[in-house]
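Side-chain atoms are counted along with the backbone in the values below, which use heavy atoms only and exclude waters and symmetry mates. Along the sequence shown, the residues carry numbers beginning at 1.
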Amino acid sequence: GSEPLRLPIPGAHLTGVTTFRTAADCALITQSAARGEPAVVIGGGLLGIEAAYGLARLGVEVTLVHIMDRLMERQLDAESAAMLKSAIEARGIRVLLGAQTAAIEGDDGVSAVTLTDGSRIRCGLVVMAAGVRPEVSLAKDAGLAVNRGVLVDDCMATSCEAIYAIGECAEHRGRCYGLVEPAYEQARTLAHLLAGDEASYEGSVLATNLKVSGIPVFSAGDFEDEGASAIILRDRAFGVYRKLVIRDGKLSGAVLFGDTSDALWYLDLIRSGQDIAPIRRDLAFGQAYAEAA
């Protein structure tokens, strides 16, 4: 598995500082919310946004601090991330981008967060949602090859061919996924191999299909359009945005915001590598329209 990251900053282990991972973490967050103290959430990825939204729904004054220049930078392009920021702020959450936490202040417990620009945010709770780290201590102690994660080949075998690793602890072709869907795909590969069938894990096409704070969001594949062409649909009246990236006549990536009803269809197109030339003109309007045209 993996373990949540705790930023190596002064005050990181004060009472009132927590990660967002376990039932005990959630209990601490709920207890703090009941006292009505302001909260700071560090990290603008999926978990950080959900933690901030949950606290805001409990009536807590929340500031979301993110070191990058946009939210969910691994899943969203700049335009959809800006739309997400506006939607989150409309729910009463203060969002600070390009902001780095320098220290957490307090004596017996948290009293404030200080940023590297010198600004200070008063709070009684700090939630660190800054990512996870693969848990490799057992593998390392056993003498297995370890980098960021436990190194595995296309058969999910470690450096000891009798030992396999899958999921958040595994590093395949230089990549640790930290997501459940790649873990399922790795498990299927290994199950086939252990049953005597031929199988090989070639890596996963990452996809995110969820409601972030009640806002439908989807992304899959390589959605940056450098060296490719992009089809973009915007409907500002309904808060809908679609970006479809085409490479070599195939759909290589997609970002959907506000309406994700065609998400699985786009994902199938990406994974299959189907030639989309016959439907390219109508692709942005979704499966029903494209297939009927």
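The CD atom of Glu135 sits 8.5 Å away from the SG atom of Cys169 when rounded to the nearest 0.5 Å. Rounding to the nearest 0.5 Å places CG of Asp248 at 9.5 Å from OG of Ser229. Atom-to-atom distance recorded for Tyr177:OH and Glu171:CD is 11.0 Å, nearest 0.5 angstrom. Rounded to the nearest 0.5 Å, atoms CZ (Arg247) and CG (Asp222) are 4.0 Å apart. Note that the CE atom of Met156 and the CG atom of Leu194 stand 11.5 Å from one another [nearest 0.5 Å]. Interatomic distance, OG of Ser200 versus NE2 of His192, reported as 12.0 Å (0.5 Å rounding).
Residues Phe223 and Leu269 fall into different hydrophobic clusters, defined by Ile, Leu, Val, Met, Phe, Trp and Tyr side chains chained together at heavy-atom separations under 4.5 Å. Clustering ILVMFWY residues whenever any of their side-chain heavy atoms sit less than 4.5 angstrom apart, transitively, puts Ile49 in the very cluster that holds Leu47. Note: the hydrophobic cluster containing Phe257 does not contain Val245 (ILVMFWY, side chain heavy atoms under 4.5 Å, direct or indirect links). Neither Val217 nor Trp265 shares a network with the other; the hydrophobic side chains, linked directly or stepwise wherever heavy atoms of I, L, V, M, F, W or Y lie under 4.5 Å apart, form separate groups for each. Placement of Ile42 and Met68 in two distinct hydrophobic clusters is found when ILVMFWY residues are connected by side-chain heavy-atom separations under 4.5 Å, directly or transitively.
Counting heavy atoms from C-beta outward, Ser2 and Arg133 have side chains that stay 4.5 Å or more apart. No side-chain heavy atom of Leu46 sits less than 4.5 Å from a side-chain heavy atom of Gln75. Side-chain contact between Leu125 and Leu55 is present, with at least one heavy-atom pair separated by less than 4.5 Å. Side-chain contact between Met128 and Ile104: present, with at least one pair of heavy atoms (C-beta onward) separated by less than 4.5 Å. When side chains are defined from C-beta on, Gln287 does not count as touching Leu264, because their heavy atoms never get closer than 4.5 Å. Looking at heavy atoms from C-beta onward, Asp262 lies out of side-chain contact with Phe218 at the 4.5 angstrom threshold. Contact annotation: the side chain of Leu5 never approaches that of Val132 to less than 4.5 Å [non-hydrogen atoms, C-beta and beyond]. Inter-residue side-chain proximity for Ile121 and Leu96 is flagged as met; some heavy-atom pair is nearer than 4.5 Å.
Here the shortest heavy-atom pairing between Ala12 and Val17 reads O-CG1, 3.2 Å. The two residues Val150 and Ala165 come nearest to each other via the heavy atoms CG1-CB, 4.1 Å. Closest non-hydrogen pair, Gly143 versus Ser159, comes out as O-OG, 4.4 Å. For the pair Ala99 and Leu115, the tightest heavy-atom approach, listed with the atom from each and the gap, is CB-CD1, 4.1 Å. Scanning all heavy atoms of the two residues, the minimum distance from Ala284 to Ile231 falls at CB-CG2, 3.8 Å.
A distance-only check finds no donor-acceptor pair linking the side chain of Tyr266 to the backbone of Val255 [under 3.5 Å]. Between the side chain of His66 and the backbone N or O of Gly48 there is no donor-acceptor pair closer than 3.5 Å. In terms of modelled atom types and a separation under 3.5 Å, the side chain of Thr260 and the main chain of Leu256 share no donor-acceptor contact. A donor-acceptor pair under 3.5 Å is absent between the side-chain atoms of Ser204 and the main chain of Leu206, judged by distance alone. Gln186 places no side-chain N or O within donor-acceptor distance of the main-chain N or O of Ile166, the cut-off being under 3.5 Å. Under a 3.5 Å cut-off, the side chain of Thr158 and the backbone N or O of Ile163 do form a donor-acceptor pair. When atom types are taken as modelled, the side chain of Asp25 and the backbone of Thr18 share no donor-acceptor pair closer than 3.5 angstrom. In this structure a side-chain-to-backbone donor-acceptor pair under 3.5 Å is missing from Glu61 to Pro38. Formation of a donor-acceptor pair under 3.5 Å by the Thr30 side chain with backbone atoms of Cys26 is found in this model. Within the 3.5 Å criterion, the main-chain N or O of Gly45 finds no donor-acceptor partner in the side chain of Arg74.
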task = Start with the C-alpha gap between Asp153 and Tyr201, add the side-chain angles, then the distance that decides, and say whether side-chain contact (heavy atoms from CB on, under 4.5 Å) holds.
result = CA-CA 8 Å; Asp153 61 17; Tyr201 178 67; over 6 Å; no
request  = Dump the intermediate steps for side-chain contact (heavy atoms from CB on, under 4.5 Å) on Thr63 and Val41, then the final yes or no.
outcome  = CA-CA 6 Å; Thr63 301; Val41 176; over 6 Å; no
task = List the steps and the verdict of side-chain contact (heavy atoms from CB on, under 4.5 Å) for Asp259 and Arg242.
result = CA-CA 8 Å; Asp259 177 8; Arg242 291 187 176 187; 3.4 Å; yes
query = Checking side-chain contact (heavy atoms from CB on, under 4.5 Å) for the pair Leu84/Ile215: CA distance, chi angles, key distance, verdict?
reply = CA-CA 8 Å; Leu84 178 61; Ile215 306 159; 3.9 Å; yes
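Other residues, nucleotides and ligands contribute over 12 non-hydrogen atoms within 6.0 Å of the CG atom of Asp197. Within a 6.0 Å radius of CZ in Arg188, more than 12 heavy atoms belonging to other residues, nucleotides or ligands are found. In this structure, Asp117 places its CG atom where more than 12 heavy-atom neighbours from other residues, nucleotides or ligands lie under 6.0 Å away.
Using a cut-off of 4.0 Å between Lys/Arg side-chain N and Asp/Glu carboxylate O, Glu50 and Arg57 are scored as not salt-bridged. Using a 4.0 Å cut-off between charged side-chain N and carboxylate O, Arg173 and Glu202 make a salt bridge.
Applying the ring-ring contact (aromatic ring centres under 6.0 Å, His included) test to every pair with at least one member in residues 268-293, sequence neighbours left out, gives these pairs: Phe285-Tyr289.
In terms of the salt bridge (Lys or Arg N to Asp or Glu O under 4.0 Å) criterion, residue partners of Asp77 (sequence neighbours excluded) are, by chain and number, Lys243.
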